[in-house]
Structure formats: structure tokens, C-alpha cells
Amino acid sequence: MPIVHIDLIAGRSQEQLKNLVKDVTDAVSKNTGAPAEHIHVILSEMQKNRYSVGGVLKGDEEAE
């Protein structure tokens, strides 16, 4: 039973998230042979002010 964890910044639409988990499930199934119904995808969304790159919070980038 493959388990895939995806961390991403919040803000994508429900449609985008649906497409993401479908594409990831298809890729894992194709490359592992696991049936889609046994593949688990866990999405963890974080607020922009809880993630940084290069010491700058992603939420602060919009203010610049």
C-alpha cells in the first residue's frame, strides 16, 4: 500500500487538488503496479506565513 505525502502552500482550488491526487495516483500505480484503490495520498496544506525560503516567509513576499 503506497502512501504519498505532499506538503504545499494553501491556495489551490478544489479542482486543482483533485487533479493533483488523480495524477499522482496514476503515476504511482503505473510505476509500482499497485492498484489505485490501494494508493493513499495525503495533502498537507500550510499557511503562507508558516513556510519560508531563504529566510523569507512566503506570506511576506506578497507585501514586497
What pairs meet the salt bridge (Lys or Arg N to Asp or Glu O under 4.0 Å) rule with one or both residues in residues 2-18, with sequence neighbours excluded?
none
Can you see which heavy atom on Met1 is nearest to which on His40, and at what distance?
SD-NE2, 3.1 Å
Could you walk me through whether Ile42 and Ile6 pass the side chain to side chain contact (heavy atoms under 4.5 Å, CB included) test, one step at a time?
CA-CA 6 Å; Ile42 300 167; Ile6 301 173; over 6 Å; no
Nearest-0.5 Å distance that lies between atom CG in Asn19 and atom OG in Ser13
8.0 Å
Walk me through it: do Val21 and Leu43 pass the test side chain to side chain contact (heavy atoms under 4.5 Å, CB included)?
CA-CA 9 Å; Val21 297; Leu43 301 177; 3.8 Å; yes
Sorted by chain and number, sequence neighbours left out, side chain to side chain donor-acceptor pair (under 3.5 Å) with Lys22 holds for Asp26
Taking the side chain as everything from C-beta on, heavy atoms only, tell me whether Lys58 gets closer than 4.5 Å to Val53.
yes
Nearest heavy-atom approach of Lys48 to Ile9 is CG-CG2, 3.3 Å
Run the numbers on Leu8 and Met46 for side chain to side chain contact (heavy atoms under 4.5 Å, CB included), then give the verdict.
CA-CA 6 Å; Leu8 64 164; Met46 63 194 100; 5.9 Å; no
Please report the closest heavy-atom contact between Leu17 and Glu45, naming both atoms and the distance.
CD1-OE2, 4.0 Å
Shortest non-hydrogen contact between Ile39 and Ser29, atoms and distance
CD1-N, 3.5 Å
